[in-house]
Structure formats: C-alpha cells, structure tokens
Number of protein chains: 2
Amino acid sequence: MSFLIKDAKNHIGQDVELKGWVFNKRSSGSIIFLQIRDGSGCIQAVIAKNEVSSESFNEAEKLIEESTIIAMGQIKEEPRSPYGFEMQIKDLKIISLSSEFPISKKEHGINFLLSLRHLWLRSQRQWAILRIRNQIINAINEFLQKEDYIKLDAPIITPAACEGTTTLFPVDYFGNKTFLSQSGQLYLEAGIASFGKCYDFGPTFRAEKSKTKRHLTEFWMMDAEAAFMEFNELLELEEKMIYYIIQEVLKNCKEELKIIERDTIPLEQIKLPFERLSYQETITKLQELGSDIKYGEDLGNDDETILMTHFKQPLFITKFPSTFKAFYFKRDSKDSNLTLSSDLLAPEGYGEVTGGGQREDDYQILLNRMNEEKLNIKDYEWYLDLRKYGSCPHSGFGLGLERIVAWICKLEHVRESIPFPRTIYRFTP
Amino acid sequence: MSFLIKDAKNHIGQDVELKGWVFNKRSSGSIIFLQIRDGSGCIQAVIAKNEVSSESFNEAEKLIEESTIIAMGQIKEEPRSPYGFEMQIKDLKIISLSSEFPISKKEHGINFLLSLRHLWLRSQRQWAILRIRNQIINAINEFLQKEDYIKLDAPIITPAACEGTTTLFPVDYFGNKTFLSQSGQLYLEAGIASFGKCYDFGPTFRAEKSKTKRHLTEFWMMDAEAAFMEFNELLELEEKMIYYIIQEVLKNCKEELKIIERDTIPLEQIKLPFERLSYQETITKLQELGSDIKYGEDLGNDDETILMTHFKQPLFITKFPSTFKAFYFKRDSKDSNLTLSSDLLAPEGYGEVTGGGQREDDYQILLNRMNEEKLNIKDYEWYLDLRKYGSCPHSGFGLGLERIVAWICKLEHVRESIPFPRTIYRFTP
C-alpha cells in the first residue's frame, strides 16, 4: 500500500502511484479532470492529451463514475482545489470499468438508498459519518482503558431478559429457547468482583416495533460497571466520558464535520459539569415549557425534544420513580419511591444518550423486587449470588453508540449512524 | 475511587483507604493476615489486636472469604510478600459478610466451575486470562487504527450465510427468517470502496455440534479487508499484527503471565517473517511427520496439532485447493485448482488462529462460482454489485480472538478465553 491521498502534503513535487475510484469526471476536449477517492481522502487529477500516451488518454476518456484506476503522476499544491492538492497524471490504467452507478447526484428516496446501503456507503457524507463513528468508538475505548476499566465481553445468547421479555428476539439454541442480549449489564456486575471496573461494547438487540427516528433493532451499546462507586461518582464518570468523546471528535474529525456541514459551535460550547435536574424538577420544567406530562409519567420522545431544545448543555435527569425503572436500581435513602437512576439527554433536540444508576446491593431487597416484578427467580439465581458472596455498593451506565453518533453528527435519523441499519422493516443487505 | 492496589508503590508510608474483597485469611490469635484484592491487584493486610480498636479487630475475626471490606491503614514495602507491599490496618469495616463461597481451593469439575462462571471469574487465574484478553483486544484495535483501518461494524442479523447454511442459528425477525452472522467479511468488502481499509470486531456465531477444545458457538472475530491489497501483502499484514499483539502482551501483562505460569520463552522467540508452506508442501511435511492425510483432504485438528508441535514459529499454510475453500476466494493464476487462501497456525500445538486470502474480483467468475455452489443468487446480489461498480483486487482475513487468547495463555481449552462461554451444551449463566 504505497501512496494514500491523506498524505499528499508530504509528496509535493513527487511522482506517486494512486489507486482509487473515480467519482466525478469533467472534460474540455484535450483536458480531463477526474475526482478520485482512495478511502483516505479525495483529490483532483488532471490528464492532458498532449502530455500522456494516447493509451492513457483513451483510458481516461472511457472512464465513468465509480470505475477503479491506477494513476501515476505528480502531486502539486493547488489552492483553488477544495482538497488543496492536485495530481498531474502521467500514466493511467483502468482496473475495472464500472457499470452505470445507480446512485446519482439527484435526490433519492430513503428506501432506495437503504436497499443500496452497500453502495450508498461510498457517498462523502456516509464516509464522514462513519469515520466520526470510528473516532467515537476509539474515544470510548481509550477513555475507559485510561480509567482502568477492562473490556469484558458479555454474552449475546442469553437465557433471560434484562429489561422485560416483550421486546426480545428468540434464538433456537439446539432446541432450547434463548434470547439475543438487550444489555450486558448484569454480566458486568459479576465482573466487578474480579476486575473492580469493567465494560462491554457490542451489539444489543430490541425487538421493539418503534418506528421513531431514534430506534434500531440492532445497535451497539457500551455498558460500564464499577465496584464501590456511588451514584454521584457515576454521574461524574459519565460526563467526563461524554466530554472526552466530543473533544476527540472536534480535534480529529475536522474534515468529516465540514463534509456533513455540522455547526460545531454547540459542541465546542459544551462545558463540565453538565446540568442535573431531578425527575421532579424536570416535570415542573416540562410543564413550564408547555408539555402536558404529569408527575409519575415517564418522559416520551416529544418531552425529551422539548426539554433539549430548551437546554443548550447535556442534562442529567436523576432519581426517577421506581414505577418505571428496572428492578435492579437502588432506591434513594431519602425517598424509597425514587431510584438512584439517571438518564443523560443530549442538547439540540436529541434525547437520551446514556442511562445508568446505582444498583441494589442487598440480597433480600433485590429478591423482594424480583418477586414483585414476577421474574422467574431461577433465571436470576446467579445474579442474586453476586449479593450473597461479597456484595458492595456499585454503579454503572449504558451508552447507545448510534445515539451519540446521531447527536454529534446532528443526523435527522439514527439509521445513518450505523453501517448496515436494522429496523422493523429492514434486515438487508 | 481513591486508592487502587496497583498504585501501592506510590503510597509507601502513606495512610490509604482500601476497598475490596478478602480472599484469604490466616490468624495467629492476636494478629490476623488478610489477602485482599480490589480488581487492580492483590495485597496482604495485617491487623494486630493491640494496635486497633476492639471493634475493628472483632470485624476482622468475623470475616470469611469473599467478604467485602473498607480498610484504612499504612502501605509498607514488604519484600517477603509475593506482592512486594503490605498494609498495616488501623481501622476496618465490613461492607458485606459473604456466605460460604462455593468455589474452594480444592479441585472442582469443569461443569461445576462453568455453572458458577459468575463467581469463578474471581479466581486469580481467570482474572489474569481475561486481562490478557483485554490487552489483546487493545493491541488489535491499536494496530489496525495505526494502519489506517476504520472500524466498520458488520451486522449480526443477516439474511444469508457466509460459510454454508448448516451451521446457522436462525432468528425469528418479526416473522422473517434471518440468521446470526458467521462473519462480517462480505460487508467489509462493501466498506473498502468507501474507506479503503476497514475492519469489524464483534461476536460471531456457529451452530456447530463440535465438542473439541477449540470450538465455541459464540466467539469474537476480527475481520479486516483492504482495497488493492494482493495476497502476499495480506500475509505481511497478518504476521505484523500477530507479532504486535505478542509484543504488547509480553510488555504489558508480565504479572498476568506469571500468575498463569506461562513459559514466555516460546513467545519471546517468535520472529518475523513467519514461515510459509504451500498446502502441497504441508501435505508432504505432514506425511513425513506420520499423518495419513492425503493430497486433496483438509487438515483436521489432529493434523494441525502434529504440525504445530513440530514448528516452533507461527506457520502460514497457503494456496489450499478450491474444493474446500469458500466461493469468494480468488484462484491462483498459476493453477486454477488452487485458491489464494491462507490459514495461520500457531505453534505449541495450537492450530488455526487466522484465515484469509485474496477475494475474487471478477463479476462473471464470481457468479459462476456461486452457481456452482448452488447459492441463492438473489441473496447475494448486493455482494455481486461490488464487482459491477468499480471492482478492485482486494484481500482480507479473519482472526478468532479466543484462539489467540488460548494460544498466548497456553490454555487447555478455549472456554477459559471468554468471559461467559457458550458451547453446544451451555448457554448459562
């Protein structure tokens, strides 16, 4: 792998061999201008009839969009080019002449694009979004490893559910009924007694029939869990991580953010610490902002949007009533109807991006909760064991990768935030 | 999160607060010795009756293994301790008194341990293995990112199979029949036309009824794919990556390797480049070594073991006959019965750890292959598109994480190499 376009600045005046895709072509008879990409970046290449062999020029004339080529030529600085550099082609060979590319510059319907996702990925916008996704993944791993968390991959095939059984994908496991994991959290709670701090980061599945722009059936989730961590420390960890992710993207993805025309000012203005409102304060605020939500109701997508159009900074909503939070949340010692839970909402109208809390660490209280929820205790015996053999106060949170990507890239719909989205109607290509 | 045991050397002479699990206790009447772990490491703590309050000493007397505590005390250097440091306890509080821990020092059967995997993880050996796994994961990501590969997560829920249909787990997807992915490779081949180089790293699934010590039904796989990369460059990339992984583990996991009593000399002696034998040369060599394998047969686990007990370095076997390699491998231009494929076998009796090759990039040849294999072309139309719109020579490989972990840790069975193993008989806890 010799020359990459991203390194053009180190090759000014040199002859290089460029391998890539032609994504645009203009011709003025004796000069042909090619826009070429190689995955690392884009460059304009110029081929002049009277400066190359007739074979090379004939090849260039035959080119249509998405054809692959090998071009030999000299790199020059070119301030008029959006890429800053240009290649003066001396020799050109077609590797593969493309058929007419089905995605053109005109507007296409979303279903058409999704059914051609394997080709749509080539657009500059999709390239930029998925490179930002890659940067976010790196930032998450780096942050957690620096904080001494070790990656402990939770299983995908699981015998029981973490968040209710109605939204599970069943898997026939050699004749046994198992399910695709909705979250690795319970397994990480086992991990902390060995590793102190651990996380997973993998695909999770929810068979929700939601058709909102925030839902996928298959999405990537990071779950982190730490022994001896109490609720307030958890919120500090979460905000520090989100802040780190944003700084890394701003620093390392300048070109990508420009391609997707992201106004970066709202991201640059994010400051630590994030704001915190209790659930009760949030309800009051929402009512002020015109929502008809009542105390005791969970926030809907619309409420999150109202709230996060108002707030310019990420917002922790804390201490939700136990009625709509899972059995494993520890109750607030000041009010046992409340849980030590929190959701982090992203600004610019984006909603929940993380959710977490302190876990119940008392065996008997946890068992009672599970009985109240009519869970099959046998399925959770191993989880109860964690409170029987050296329990400790502990907390954790989950982060939805695609929601973070959607927010940071300011996407209309979460489906652009993952290479091959799976929604209620789509499981191809 | 204040003090961690791994930082003890920075706190000599200081009073610190230690939170952790007591995993061993010895008493000589007026002095109690506690072995404590906090996830980051282990330390011995000493509590003397005449130096602490009677409350603290009473607490210490009550302790049984796996109880959680908070201890306040001074860190001292202690050359006689295997950890090098000791804590002189001044104050001690029990957080949670454990029930009698079901895993004792005596030998347990493997089924007993696997059914208590959530507790077995706490053993020093499992701690060490899974921390080495974490280091290997980091090394893979670091290496690929430095080489300009971007992480492009392939989907798990897929409409068709990559490696034959007999070993698939079916998933009921809102009434449609889908399958759990066996490999992300085909999706990465779509990615290279946008990103040039990309990889995935996630769980993959094979419903194989194999009961060997090398098989799991759910395992983590890294797939990498690069545009314009030819077969020999691929082998160079693979060996460079494996070498990097080994160096990182040797450098960063000294304590873990000691705990599992890994003889590191065979790892230290690994050199670049790795040896390469063609399939034909391999058959000859195996016959010399006493195997009854014949030309045209695939290598079994036993053959791999014979071979890799003989070879002290990792070994590439290249150019397998097309009869037992998948349809997407490019044929050797010198002998069309052979494929540009390779398996990398690890020494010390370990077998295949990576597999890869150059992909067929010609539309018509690929289509013919798929028809020969009686694949449902409609399922693969999107994959054929990649040869229709700007095809290019390209190569890639897959790496089985658990097999690398098993080799580097010299494990008897791959089931210890993953936090919660899934085998034909086991999908709990």
Side-chain angles (χ1 to χ4, degrees), chain A residues 19 21 38-40 66-68 95-96 98-99 101 118-119 121-122 127 130-131 134 137-138 141 145 148 150-153 155-157 159 169-174 176 178 187 190-191 193-197 202-203 218 220 227-228 382 385 388-392 419-420 422 424 427-429, chain B residues 19 21 38-40 66-68 95-96 98-99 101 118-119 121-122 127 130-131 134 137-138 141 145 148 150-153 155-157 159 169-174 176 178 187 190-191 193-197 202-203 218 220 227-228 382 385 388-392 419-420 422 424 427-429:
Chain A
K19 297 172 180 175
W21 285 259
D38 70 353
S40 82
E66 291 304 317
S67 300
T68 40
I95 299 295
S96 175
S98 181
S99 298
F101 201 58
H118 56 294
L119 302 177
L121 289 177
R122 302 183 189 187
W127 177 85
L130 293 172
R131 280 174 62 101
N134 177 61
I137 294 170
N138 285 343
N141 284 315
Q145 295 281 341
D148 298 314
I150 84 139
K151 186 161 189 275
L152 192 75
D153 299 306
I156 305 298
I157 292 171
F169 285 113
V171 179
D172 175 2
Y173 194 78
F174 304 114
N176 298 289
T178 59
Y187 291 96
S194 180
F195 305 98
K197 309 181 200 179
E218 176 180 320
W220 280 64
F228 299 104
W382 70 269
D385 275 356
K388 210 156 144 185
Y389 305 108
S391 189
C392 68
F420 293 90
R422 299 296 183 240
I424 170 167
F427 55 92
T428 58
Chain B
K19 297 171 180 175
W21 284 259
D38 70 353
S40 81
E66 290 303 317
S67 300
T68 41
I95 299 295
S96 176
S98 180
S99 298
F101 200 60
H118 56 294
L119 302 177
L121 288 177
R122 302 184 189 186
W127 177 86
L130 292 172
R131 280 175 62 102
N134 177 61
I137 295 170
N138 286 342
N141 284 315
Q145 296 281 340
D148 298 313
I150 84 138
K151 187 162 187 275
L152 192 76
D153 299 306
I156 305 299
I157 293 172
F169 286 112
V171 179
D172 175 3
Y173 194 77
F174 304 114
N176 298 289
T178 59
Y187 291 96
S194 180
F195 305 99
K197 309 182 201 178
E218 175 181 319
W220 280 64
F228 298 102
W382 69 270
D385 275 356
K388 209 156 145 185
Y389 305 108
S391 190
C392 68
F420 293 91
R422 299 296 184 238
I424 170 166
F427 54 93
T428 58

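Just so it is clear: chains get the letters A, B, ... in the order the sequence lines come, proteins before strands, and each one is counted from 1.
In this structure, the portions of B:W382 lying under 4.5 Å from any heavy atom of chain A include both its backbone and its side chain. Only the side chain of B:I137 comes within contact range of chain A, with heavy atoms under 4.5 Å apart. When heavy atoms are compared at a cutoff of 4.5 Å, A:S391 approaches chain B by way of both its backbone and its side chain. Of the atoms belonging to B:D153, heavy atoms from both backbone and side chain fall under 4.5 Å from chain A.
Among the candidates B:L121, B:V171, B:I424, the residue making the largest number of heavy-atom pairs closer than 4.5 Å to chain A is B:I424. Comparing A:P429, A:G202, A:A190 by heavy-atom pairs within less than 4.5 Å of chain B, the highest count is held by A:P429. Of the listed residues (A:S98, A:G191, A:A193, A:C392), the greatest number of heavy-atom pairs within a distance under 4.5 Å of chain B belongs to A:A193. Among A:D385, A:I95, A:T428, the residue with the largest count of heavy-atom pairs under 4.5 Å with chain B is A:D385. Considering only heavy-atom pairs separated by less than 4.5 Å from chain B, the leading option among A:S67, A:S40, A:P170 is A:P170. Of the listed residues (B:T68, B:N134, B:D172), the greatest number of heavy-atom pairs within a distance under 4.5 Å of chain A belongs to B:N134.
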| message | Between A:I157 and A:Y173, is the side-chain contact (heavy atoms from CB on, under 4.5 Å) condition met? List the steps. | response | CA-CA 9 Å; A:I157 292 171; A:Y173 194 78; 3.8 Å; yes

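Between the side chain of A:W21 and the backbone N or O of A:D38 there is no donor-acceptor pair closer than 3.5 Å. A distance-only check finds a donor-acceptor pair linking the side chain of B:E218 to the backbone of A:I156 [under 3.5 Å].
A:P419 places none of its side-chain heavy atoms less than 4.5 Å from the side chain of B:Y187.
Between A:F420 and A:F427, the distance from one ring center to the other does not fall under 6.0 angstrom.
Side-chain contact of B:N176 with B:T178: a donor-acceptor pair under 3.5 Å is absent, judged by distance alone.
Listed by chain and number, the residues in a salt bridge (charged side-chain N to carboxylate O under 4.0 Å, His left out) with B:R422 amount to none (sequence neighbours excluded).
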